[in-house]
Undergrad: 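Please find one structure pasted underneath; my questions will follow.
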Amino acid sequence: MIPAAFDYARPSSVEETVSLLAEHGDEAKVLAGGHSLLPLMKLRLATPSLVVDVGSLPNLNYVRVEGDEVAIGALSRYCDLKRSPVLAEAAPIVAHVAGLVGDPQVRHRGTIGGSVAHGDPASDLPAVLLALGGSVKVVGPEGERTIPASELFEGFLETAVRPDELLVELRVPRTSGGWSYQKFNRRAIDWAIVAVAVAGNGGPPGVALVNMASTTIRAEATEAALAAGASAEEAAQVADQGSDPPSDLNASEAYRRHLARVLVRRALVEAGH
Ligand SMILES: Cc1cc2nc3c(=O)[nH]c(=O)nc-3n(C[C@H](O)[C@H](O)[C@H](O)COP(=O)(O)OP(=O)(O)OC[C@H]3O[C@@H](n4cnc5c(N)ncnc54)[C@H](O)[C@@H]3O)c2cc1C
């Protein structure tokens, strides 16, 4: 449980961070809250030669409304999001789900940018970003680019954020319709065995699934059924179509498929569909 030796840098600006990442390439790893990276390093599943601690970068912890969107700084911690009055009004599902992540210690260290950049299919906030049809802003050596959530999650712990890029902001549309997040776990502080995010803006909602494949995925068959006028009950029956859930100590593949259908129905009903 002791990480391999590494060098440590604590840059004071986004530009300095990006130039360190560009210089060291795959050998460098960004450290935000550390709640996913440090366990991987202790297990020696990650052995970066340089850890770039972005914890002291200024101006990356904020939530503000910009037009029809809510902009969230990548270094915003779950505990800040849970308490944010701006989110409570403009995108309440984000605040609610931030309050369901792990335990108080995790919520006081973990960041929304870290959660999304890490790309764990069992994480909660990536599903919310996907259901809402949000996006992320990253800064790299060539400047800034925006990645839609639909193109972000590429594989297990793999995202479209390149090793030389820093994720600086997330954007979600302001929500006006009903929403729901159904997280099934055995104890309140556990990761989801399966979870479902439903969110939208009055029309057919976005529906995203946690832990039902190697990445967070949309329940596309359910979304299509809803758009064609199906009831919540009918749309939920196809929730696991196109998924590829794992079997592990917590649940078999068949049980996860069952959970997805049950949780999607509950979420759609709670969201008013
Ligand atoms: C006991 C425990 C329980 C947990 N329970 C849950 C849970 O119920 N639900 C849940 O969703 N999560 C859970 N987590 C994970 C937690 O949410 C992590 O905080 C999160 O996955 C990663 O965020 P972080 O800020 O800690 O990132 P870090 O661990 O610092 O980084 C994670 C990865 O993302 C990269 N990264 C971080 N920030 C950026 C950035 N701005 N730009 C580019 N790359 C970046 C890092 O290089 C690293 O590869 C749990 C963790 C623990 C330890």
Side-chain angles (χ1 to χ4, degrees), residues 3 6 8-11 14 17-18 20-22 24-43 45-57 59-61 72-82 94 96-130 136-140 144-145 147 152-153 156-170 181 183-195 197 208 210-211 216 250:
F6 58 87
Y8 175 85
R10 196 167 168 84
V14 170
T17 306
V18 170
L20 278 168
L21 295 176
H24 294 269
D26 280 350
E27 290 295 309
K29 270 285 184 193
V30 170
L31 174 76
H35 269 65
S36 292
L37 181 60
L38 293 185
L40 287 179
M41 288 173 63
K42 287 182 171 186
L43 293 167
L45 295 172
T47 52
S49 61
L50 177 70
V51 167
V52 181
D53 182 351
V54 295
S56 57
L57 294 187
N59 308 324
L60 286 182
N61 182 351
I72 305 170
L75 290 185
S76 304
R77 299 184 190 279
Y78 302 117
C79 59
D80 303 322
L81 302 177
K82 183 185 170 194
V94 179
H96 174 74
V97 175
L100 299 179
V101 173
D103 55 26
Q105 262 181 311
V106 175
R107 294 196 289 271
H108 278 81
R109 293 296 309 166
T111 65
I112 189 168
S115 174
V116 168
H118 189 50
D120 187 333
S123 290
D124 295 297
L125 268 311
V128 174
L129 185 73
L130 196 59
V136 300
K137 197 195 311 179
V138 298
V139 178
E144 215 175 86
R145 70 184 179 114
I147 310 172
L152 185 56
F153 304 109
F156 184 72
L157 304 188
E158 280 177 27
T159 67
V161 182
R162 294 195 303 256
D164 59 358
E165 291 179 322
L166 183 70
L167 196 161
V168 291
E169 186 178 271
L170 296 89
Y181 192 75
K183 179 172 181 176
F184 186 87
N185 49 9
R186 279 193 243 171
R187 298 174 304 169
I189 60 169
D190 281 345
W191 297 80
I193 293 175
V194 172
V210 171
N211 232 348
T216 305
N250 289 313

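First listed ligand is number 1; within each ligand, the first listed atom is number 1.
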Undergrad: At under 4.0 Å between heavy atoms, is it the side chain or the backbone of Val106 that contacts ligand 1, or both, or neither?
TA: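 Only the side chain of Val106 comes within reach of ligand 1.
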
Undergrad: With heavy atoms under 4.0 Å as the rule, classify the contact between Val138 and ligand 1 as side chain, backbone, both or neither.
TA: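 The answer is neither.
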
Undergrad: Can you check whether Arg107's main-chain N or O pairs, donor with acceptor, with Arg77's side chain at less than 3.5 Å?
TA: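 Absent.
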
Undergrad: For atom 27 (O) of ligand 1, which of the options Pro39, Ala98, Gly119, Gly114 provides the nearest non-hydrogen atom?
TA: Gly114

Undergrad: For atom 33 (C) of ligand 1, what is the nearest protein heavy atom, given as residue, atom name and distance?
TA: His118 ND1, 3.6 Å

Undergrad: Where the side chain of His118 meets the backbone of Gly114, is there a donor-acceptor pair that is under 3.5 Å apart?
TA: no

Undergrad: Evaluate whether atom CG of Asp190 has more than 12 neighbouring non-hydrogen atoms of other residues, nucleotides or ligands under 6.0 angstrom away.
TA: yes

Undergrad: Can you check whether Gly110 has an N/O within less than 3.5 Å of an N/O in ligand 1?
TA: no

Undergrad: Any atoms of ligand 1 less than 4.0 Å from a non-hydrogen atom of Lys29? List them with their elements.
TA: 47 (O), 49 (O)

Undergrad: For ligand 1, which atoms have a heavy atom of Leu31 less than 4.0 angstrom away?
TA: 30 (O)

Undergrad: Under 4.0 Å from any heavy atom of Gly102, which atoms of ligand 1 are there?
TA: 5 (N), 6 (C), 7 (C), 8 (O)

Undergrad: Just so I know, are the side chains of Lys137 and Val168 near enough to count as touching, which here means a heavy-atom distance under 4.5 Å?
TA: yes

Undergrad: Could you give the distance from OG1 (Thr159) to CD (Glu165), rounded to the nearest 0.5 Å?
TA: 9.0 Å

Undergrad: Show the atoms of ligand 1 that are less than 4.0 angstrom away from any heavy atom in Tyr78.
TA: 16 (C), 17 (O), 18 (C), 19 (O), 20 (C)

Undergrad: Suppose we measure from atom 25 (O) of ligand 1 to each protein heavy atom; which comes out shortest, and what is that distance?
TA: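 Residue, atom and distance for the closest contact: Thr111 OG1, 2.6 Å.
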
Undergrad: List ligand 1 atoms under 4.0 Å from His35, heavy atoms only on the residue side.
TA: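 Under 4.0 Å from His35, ligand 1 has these atoms: 18 (C), 19 (O), 26 (O), 29 (O), 51 (C), 53 (C).
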
Undergrad: Out of curiosity, Asn61 CG to Asp80 CG, how far, rounded to the nearest 0.5 Å?
TA: 4.5 Å

Undergrad: Considering only protein heavy atoms, which is closest to atom 28 (P) of ligand 1, and at what distance to one decimal place?
TA: Gly34 N, 3.4 Å

Undergrad: What closest approach, in Å, do Gly73 and Ser76 show between heavy atoms, and which atom pair accounts for it?
TA: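 Where Gly73 meets Ser76 most closely, the heavy atoms are O-OG, 2.7 Å.
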
Undergrad: At a 4.0 Å threshold, what atoms of ligand 1 neighbour a non-hydrogen atom of Leu167?
TA: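 Counting atoms of ligand 1 from 1, those under 4.0 Å from Leu167 are 40 (C), 41 (N), 42 (N), 43 (C).
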
Undergrad: Which of the atoms in ligand 1, numbered in the order shown and given with their element, are less than 4.0 Å from a heavy-atom of Ser36?
TA: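 In order of number, 15 (C), 18 (C), 20 (C), 21 (O), 22 (C), 26 (O), 29 (O), 32 (C).
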
Undergrad: Looking only at protein heavy atoms, which one is nearest to atom 24 (P) of ligand 1, and what is the separation?
TA: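 Checking every protein heavy atom, the shortest distance to atom 24 (P) of ligand 1 gives Gly33 N, 3.5 Å.
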
Undergrad: Considering only heavy atoms, does Lys183 approach ligand 1 within less than 4.0 Å through its side chain, its backbone, both, or neither?
TA: side chain

Undergrad: Taking distance alone, with N or O pairs closer than 3.5 Å, would you say Val101 contacts ligand 1?
TA: no

Undergrad: Going from OH on Tyr78 to CD1 on Ile112, what distance comes out if it is rounded to the nearest 0.5 angstrom?
TA: 7.5 Å

Undergrad: Report the nearest protein non-hydrogen atom to atom 13 (C) of ligand 1: residue, atom name, distance rounded to 0.1 Å.
TA: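 Looking only at protein heavy atoms, the one closest to atom 13 (C) of ligand 1 is Trp191 CH2, 3.2 Å.
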
Undergrad: Please write down residue, atom name and distance for the protein heavy atom closest to atom 44 (N) of ligand 1.
TA: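 It is Ala117 CB, 3.4 Å.
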
Undergrad: Any N or O of Ala32 that comes nearer than 3.5 Å to an N or O of ligand 1?
TA: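 Right, the criterion is met.
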
Undergrad: At less than 4.0 angstrom from any non-hydrogen atom of Leu166, what atoms of ligand 1 do you find?
TA: 40 (C), 41 (N), 42 (N)

Undergrad: If we ignore hydrogens and angles and just use 3.5 Å, is the side chain of Asp53 paired with the main-chain N or O of Tyr8 as donor and acceptor?
TA: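 Not confirmed, Asp53 side chain does not pair with Tyr8 backbone.
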
Undergrad: Just to be sure I'm reading this right: ignoring hydrogens, which of Leu38, Asp103, Asp124 gets closest to atom 9 (N) of ligand 1? Compare them by their nearest heavy atoms.
TA: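 Looking at heavy atoms only, the winner is Asp124.
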
Undergrad: Around atom 31 (O) of ligand 1, find the nearest protein heavy atom and jot down its residue, atom name and distance.
TA: Leu37 CB, 4.0 Å

Undergrad: Would you check if Leu152 and Leu130 make a side-chain contact, meaning some heavy-atom pair closer than 4.5 Å?
TA: no

Undergrad: Name all pairs fulfilling the salt bridge (charged side-chain N to carboxylate O under 4.0 Å, His left out) condition that reach into residues 115-128, sequence neighbours left out, sorted by first residue then second.
TA: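 Qualifying pairs, neighbours excluded: Asp124-Lys183.
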
Undergrad: Nearest protein heavy-atom contact for atom 46 (C) of ligand 1: which residue, which atom, what distance?
TA: Val30 O, 2.9 Å

Undergrad: Is there a side-chain contact between Leu129 and Val136 (heavy atoms, below 4.5 Å)?
TA: yes

Undergrad: Would you check the N or O atoms of Ala122, main chain and side chain alike, for any that come under 3.5 Å of an N or O of ligand 1?
TA: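 Between Ala122 and ligand 1, no N or O pair is found under 3.5 Å apart.
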
Undergrad: Could you check Val101, Leu100, Ile72 and say which one makes a side chain to side chain contact (heavy atoms under 4.5 Å, CB included) with Leu125?
TA: Val101

Undergrad: Closer than 4.0 angstrom: is that true for some heavy atom of Asp190 and an atom of ligand 1?
TA: yes

